[in-house]
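See structure below.
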Amino acid sequence: MTGRLRLTLRIDADDRAALGHGKIRLLEQLAETGSISAAGRAMGMSYRRTWLLVDNLNQLFVEPLVMTRPGGGGGAFLTETGKTVLALYRQIEQDAAQATRSGLDQMQALLAPKAECLQKTLSE
């Protein structure tokens, strides 16, 4: 599916938003940077917000997804559970995109052109 529509995936647990593209991107940034604060900065988030999200993720699963390295050097890394959750989310996301491709293509064909859509919004 290419074009203007994009499917995003959010997984709820116990009727609450648990895991979505933002938290997954945070986990990916953390894996790349090896730092909770650097991952947050890369996403334009405050240090506090980043830590709250990581804590939320760690409490959501039976094992933490992110661990910090003790000592002066600090840093953080994804646990095996964290790597598994990340891979599972991306697989589920890919499966959902494939399953909905036809419907999204049909819906996209019904969209007004971008300029027309913008004009409608401005005139309301």
Can you see which heavy atom on [X] is nearest to which on [Y], and at what distance?
X	Y	result
Thr50	Gly40	OG1-CA, 3.2 Å
Gln108	Leu5	OE1-N, 3.3 Å
Gln29	Met43	CG-CG, 4.0 Å

If two hydrophobic side chains count as joined below 4.5 Å and joins carry through other members, does [X] share a cluster with [Y]?
X	Y	result
Leu27	Leu88	no
Val54	Leu52	no
Phe77	Leu60	no

Phe61 vs Thr79, side chain to side chain contact (heavy atoms under 4.5 Å, CB included): CA-CA, chis, key distance, verdict: CA-CA 12 Å; Phe61 293 91; Thr79 63; over 6 Å; no
Verify, without hydrogens or angle tests, whether [X] (side chain) and [Y] (backbone) share a donor-acceptor contact under 3.5 angstrom.
X	Y	result
Arg10	Gly20	no
Thr81	Pro64	no
Thr100	Gly103	no
Lys23	Ala18	yes
Asn58	Glu63	no
Tyr89	Thr84	no

If you measure from [atom1] on [X] to [atom2] on [Y], what distance do you get to the nearest 0.5 Å?
X	Y	atom1	atom2	answer
Leu30	Leu53	CG	CG	11.5 Å
Gln106	Leu104	CD	CG	9.5 Å
Lys83	Leu86	NZ	CG	10.5 Å
Leu7	Gln94	CG	CD	12.5 Å

Heavy atoms from other residues, nucleotides or ligands near CE of Met67 exceed 12 (cutoff 6.0 Å): no
Contact between [X] and [Y] at the side-chain level, heavy atoms closer than 4.5 Å - yes or no?
X	Y	value
Trp51	Asp55	no
Glu93	Ile24	no
Arg4	Leu111	yes
Val66	Leu57	no

NZ/NE/NH1/NH2 to OD/OE distance under 4.0 Å, Glu28 and Arg90: yes
Check: Ser35/Thr33 side-chain N/O donor and acceptor closer than 3.5 Å: no
